[in-house]
Amino acid sequence: MQTTLTQKGLASKGAPRLITRLRRCALPGWCAFLLPATAAAAALLCGEWIHRGSLDGTFWQDSLAAHLPAYLLAWLLLLGVYCLVDGLAKLPALAVACTGAMGCIPAAVTYFKLKLRGEPLFPWDFSQLGEALQVAGKSGVQLQPPMAGSALIFLALAIAACFVRRPHWGWKTRAARVLAPAAGLLVLVFGVYLQPGVTLALKIYPDMWMQNRYYRTYGVISGFMTNLQALNIAEPEGYSPEAVQALASQADETRAKPRYAQSYRAAGDGAVRQPSIIFVMDESFWDASELPGVTYSEELTPNLHRLAETSAYGRAYSPSFGGGTCDVEFEALTGFSVEFLPGGCKPFQQHVTHDMFALPNYLKDQSYQTAAVHGYYKRFWSRNTAYPHLGIDKFIGLEDMQSPEKKRGVYWKGGLVTDAEMARQIIDVYEQREPGRPIFLHAVTMQNHTTYNKDNYPAGELVDILEAPAGMSAQTRDALRDFATGVRDADAMLGALTDYFAAVEEPVILVFWGDHYNPIGSGYEVYTSTGYASADSQDPRLHGMPLLIWSNYWQGKVELGTIGTYEISPVMMELYGLETPPFFEYLLQQLDVYRSRTLGVTVLPDGTAQEAELTEEQQTWFNGHWMMQYDMMFGEETLWKPEEEQP
């Protein structure tokens with residue numbers, strides 16, 4: 001008993017001694033004022049270090065010094081976060097951690113997004129968090145040295161914060177330490193970042209078409225925050241229902257003669273007025289045999305090449321690279337262009353929240369059945385909620401398929417539904433249609449989704465690479481084998497579908513195209529080592545996807561050239577003389593001025609691509625496209641109203 005009391009006594013005497021020693025180690029009081037500024041500056045610089053990979057002279061001279069107001073705003077925002085957390089929790093270490101997280105986590109996400117998709121983190125990405133987490137877990141992302149270094153820096157700052165002496169504040173001072181930074185943050189966000197006039201005065205100029213350049217110029221935080229301005233969709237200048245109707249009437253009155261000499265419409269028969277229409281958008285499909293200096297053990301796209309001789313063939317200029325499949329199908333189904341919407345937003349999630357004009361809705365008014373098939377879960381990219389608003393009545397997703405065939409299970413648990421299985425699903429939906437009525441069917445595949453690795457297929461199924469440029473690494477070569485195998489299987493699906501529909505009695509049109517290019521292997525190496533394209537996701541060469549429009553009742557070779565993805569539906573209807581809505585007729589006439597305006601790139605009628613400013617004539621057609629699109633997405637729906645709203 002005596003021993004216990006003695007131990008307690010020693011412990012009671014030891015505690016004050018420990019506290020005294022810790023107090024002697026405490027940093028001077030003035031550090032309490034220096035720490036917030038230091039933590040905010042460290043978060044800003046570490047974020048840029050993570051985003052860029054290094055802080056070389058280019059950053060200090062061309063970004064920070066040249067655009068100092070943007071970085072000062074970001075520093076003030078981070079400083080406000082520190083002060084608010086510190087005022088609320090009275091824990092400097094927690095404030096340091098929160099400030100570091102706000103500076104570094106968006107930068108890390110931006111780094112990985114740029115690697116995978118060629119675009120940074122956007123405000124609207126948070127509505128796609130579920131999809132992003134699923135893809136990130138299967139994309140082979142790895143921790144980078146700047147990320148580890150930044151974590152160590154903030155660990156050291158957090159430890160140091162524990163030794164900062166804090167004066168004793170009264171309740172009024174404590175309240176002020178919460179209210180002041182909160183008010184400052186509100187002013188900074190709503191009075192500066194969300195005000196285009198203010199940010200322009202600070203020389204932060206929008207660069208919606210090249211967001212990767214925008215973030216490198218003004219920094220991740222200011223780039224992200226000023227993008228909040230884009231969430232507000234501004235009404236086009238001069239918009240009114242009367243102006244929209246005038247555009248539609250003019251297009252209707254000046255309907256062009258047949259554009260393609262070998263088309264069904266040009267033949268003048270016109271007996272088929274309501275064929276069934278099958279859209280097949282194939283994941284990441286492009287002809288990898290086009291890569292210079294690469295030869296394979298077998299022909300990758302024999303069916304595509306064969307059918308191109310008796311069908312309409314060209315390229316669809318995609319708005320996406322490395323992902324964003326839903327943007328491509330949004331354009332193809334509606335004729336609307338994502339060029340007019342905030343860069344990086346996903347219309348299915350932000351804007352297709354009510355019934356609106358789309359090819360399926362238009363065809364439903366003509367007694368078509370409508371359906372869709374996707375080789376993944378319905379909720380992905382919110383297709384389950386968007387499709388009904390576009391007029392798709394029946395939707396079959398992965399959860400509806402009974403033991404579908406799958407492959408490529410290394411990164412995707414359980415594998416991905418094969419293109420061969422998708423062909424069977426498409427045929428099954430077609431055969432179950434209501435007799436006597438045509439059907440519109442939209443299918444989106446998954447088999448050849450990124451990431452690529454030679455282990456995704458058994459060795460006996462992989463396409464072999466016989467020759468490749470010396471500059472192509474083994475990793476990229478292995479990834480290309482995986483990708484090329486998927487291209488071969490997609491082409492086999494195309495052959496299976498055309499063989500089946502060639503034998504049916506009812507008229508059928510099949511539209512087949514790829515959605516986007518991807519990084520394959522090590523970054524852009526597969527493109528740069530072969531000389532196919534540059535290491536820039538905006539390179540026009542990385543946006544022209546193969547496009548085939550075939551039917552079982554007409555054969556004629558038609559050179560489509562390059563058209564925007566949003567022109568797919570109008571061009572398909574033009575080729576086969578189908579009745580087109582005035583909006584589609586406007587888009588068809590626009591082809592005489594330019595073939596596509598996407599990502600700030602204009603594809604001219606002769607097929608050349610340029611980033612120059614639009615001419616006056618081009619701008620007029622561009623503005624008209626936006627006015628009609630705005631009307632049907634956000635305005636009075638002058639040209640098309642849901643059936644229950646029509647007078």
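The analysis underlying the following values was restricted to heavy atoms, covering all of them including side chains, and did not include hydrogens, waters or symmetry mates. Computed from a prediction, not measured in an experiment: that's the story for all the values here.
- With rounding to the nearest 0.5 Å, the separation of CG in Leu228 from CG in Leu194 is 5.5 Å.
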For Trp640 and Phe583, what are the C-alpha separation, side-chain angles and deciding distance, and is it a ring-ring contact (aromatic ring centres under 6.0 Å, His included)? CA-CA 10 Å; Trp640 185 88; Phe583 174 53; over 10 Å; no
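- For Gln250, the CD atom sits in a loose shell: 12 or fewer heavy atoms of surrounding residues, nucleotides or ligands are nearer than 6.0 Å.
- Side-chain contact of Asp287 with His305: a donor-acceptor pair under 3.5 Å is present, judged by distance alone.
- Using a distance-only test at 3.5 Å, with no hydrogens or angles considered, a donor-acceptor pair links the side chain of Ser318 to the main chain of Asp515.
- Checked by atom type and distance alone, the side chain of Arg595 never pairs as donor or acceptor with a backbone atom of Ile563 at under 3.5 Å.
- Of all non-hydrogen atoms in Ala332 and Ser569, the two that sit nearest each other are O-OG, 2.6 Å.
- A search for side-chain hydrogen bond (donor to acceptor under 3.5 Å, both in side chains) contacts involving Tyr313 returns nothing, not counting sequence neighbours.
- Within a 6.0 Å sphere centred on CD of Glu613, heavy atoms belonging to other residues, nucleotides or ligands number 12 at most.
- Checking Leu578, Leu575, Ile278 one by one against Ile509, the side-chain contact (heavy atoms from CB on, under 4.5 Å) holds for a single residue, Leu578.
- Pro570 and Leu587 get closest at one heavy-atom pair: CG-CD1, 3.9 Å.
- Under the 30°/60° scheme for interplanar angles, the aromatic rings of Phe348 and Tyr387 are found to stand perpendicular.
- Looking only at distances, a side-chain donor or acceptor of Gln274 sits under 3.5 Å from a matching main-chain atom of Gln366.
- Ring geometry, Phe357 versus Phe336: the interplanar angle falls from 30° to 60°, so the pair is classed tilted.
- For Lys557, the salt bridge (charged side-chain N to carboxylate O under 4.0 Å, His left out) partners are Glu309, Glu559, not counting sequence neighbours.
- For Glu616, the CD atom is loosely surrounded, since the number of other residues' heavy atoms within 6.0 Å does not exceed 12.
- Note: Tyr215 and Phe224 fail the aromatic proximity criterion, with ring centroids not under 6.0 Å apart.
- Counting only residues at least two apart or in different chains, salt bridge (Lys or Arg N to Asp or Glu O under 4.0 Å) contacts with residues 570-594 comprise Arg255-Glu585, Arg259-Asp592, Arg265-Glu574.
- A donor-acceptor contact shorter than 3.5 Å is absent between the side chain of Thr565 and the backbone of Ala316.
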Show your reasoning for whether side chain to side chain donor-acceptor pair (under 3.5 Å) applies to Ser284 and Asn448. CA-CA 6 Å; Ser284 307; Asn448 217 17; 5.9 Å; no
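- Within the 4.5 Å cutoff, the side chain of Gln589 has heavy atoms near those of the Thr254 side chain.
- Val338 and Pro347 get closest at one heavy-atom pair: CG1-CG, 4.0 Å.
- A search for side-chain hydrogen bond (donor to acceptor under 3.5 Å, both in side chains) contacts involving Thr498 returns nothing, not counting sequence neighbours.
- Not a single donor-acceptor pair under 3.5 Å links the side chain of Thr638 to the backbone N or O of Gln245.
- Within the 4.5 Å cutoff, side-chain heavy atoms of Met632 are placed close to those of Leu639.
- In this structure, a donor-acceptor pair under 3.5 Å is absent between the side chains of Tyr517 and Ser320.
- A pairwise comparison of heavy atoms in Thr598 and Pro319 identifies CG2-CA, 3.5 Å as the closest pair.
- The closest donor-acceptor contact from the side chain of His516 to the backbone of Met545 lies at 3.5 Å or more, if one exists at all.
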Please walk me through it: do Glu237 and Met627 pass side chain to side chain contact (heavy atoms under 4.5 Å, CB included)? CA-CA 8 Å; Glu237 183 178 353; Met627 185 177 291; over 6 Å; no
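- Ring centroid separation for the pair Phe330 and His351 does not come in under the 6.0 Å cut-off.
- Paired with Asp428 under the rule side-chain hydrogen bond (donor to acceptor under 3.5 Å, both in side chains), one option of Arg424, Gln432, Gln425 passes, and it is Gln432.
- For the pair Glu567 and Arg597, the salt-bridge criterion is not met [side-chain N within less than 4.0 Å of a carboxylate O].
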Report the C-alpha distance between Val429 and Ile396 in whole Å, list the side-chain angles of each, state the deciding distance to 0.1 Å, and finish with yes or no for side chain to side chain contact (heavy atoms under 4.5 Å, CB included). CA-CA 9 Å; Val429 172; Ile396 295 174; 3.5 Å; yes
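- A donor-acceptor pair under 3.5 Å links the side-chain atoms of Arg383 to the main chain of Phe380, judged by distance alone.
- A distance below 6.0 Å separates the ring centres of His625 and Tyr566.
- A heavy-atom distance below 4.5 Å is not found between the side chains of Thr608 and Val603.
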Step by step, work out the salt bridge (Lys or Arg N to Asp or Glu O under 4.0 Å) result for Lys378 and Asp400. CA-CA 9 Å; Lys378 295 178 181 179; Asp400 302 311; 2.8 Å; yes
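- Taking a cutoff of 4.0 Å between a charged side-chain nitrogen and a carboxylate oxygen, Arg437 and Glu506 do not qualify as a salt bridge.
- For His374 and Phe395, the ring centers are positioned 6.0 Å apart or more.
- A donor-acceptor pair is defined here as one N or O able to donate and one able to accept, closer than 3.5 Å; no such pair exists between the side chain of Asp491 and the backbone of Val487.
- Under the 3.5 Å distance criterion, the side-chain polar atoms of Asn361 are matched with a main-chain donor or acceptor of Met356.
- Thr226 contributes atom OG1, which lies 11.0 Å from atom CG of Leu202 (distance to the nearest 0.5 angstrom).
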Apply the test side chain to side chain contact (heavy atoms under 4.5 Å, CB included) to residues Phe512 and Asp282: give CA-CA distance (whole Å), side-chain angles for both, the deciding distance (0.1 Å), then the verdict. CA-CA 7 Å; Phe512 180 92; Asp282 198 271; 3.9 Å; yes
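- Although no hydrogens or angles enter the test, the distance criterion places a donor-acceptor pair under 3.5 Å between the side chain of Gln447 and the main chain of Asp419.
- Aromatic ring centres of Tyr630 and Phe340: separated by at least 6.0 Å.
- Side chains of Asp539 and Ser534: a donor-acceptor N/O pair is present below 3.5 angstrom, by distance only.
- If you look at Tyr362 and Phe440, their ring centroids are not closer than 6.0 Å.
- In this structure, Arg379 is positioned above the aromatic face of Tyr377, its NZ or CZ under 6.0 Å from the six-membered ring centre and within 45° of the axis.
- For Val593, the side chain to side chain contact (heavy atoms under 4.5 Å, CB included) criterion is met by Glu617, Gln618, Trp621, not counting sequence neighbours.
- For residues 541-554, every residue pair satisfying the side-chain hydrogen bond (donor to acceptor under 3.5 Å, both in side chains) rule, not counting sequence neighbours, is listed here: Tyr532-Arg541, Ser551-Tyr576.
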Determine whether Tyr376 and Glu399 satisfy the following criterion, side chain to side chain contact (heavy atoms under 4.5 Å, CB included), listing intermediate values before the conclusion. CA-CA 8 Å; Tyr376 204 56; Glu399 55 266 58; over 6 Å; no
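- Checked against a 6.0 Å centroid threshold, the rings of Phe501 and Tyr430 count as neighbours.
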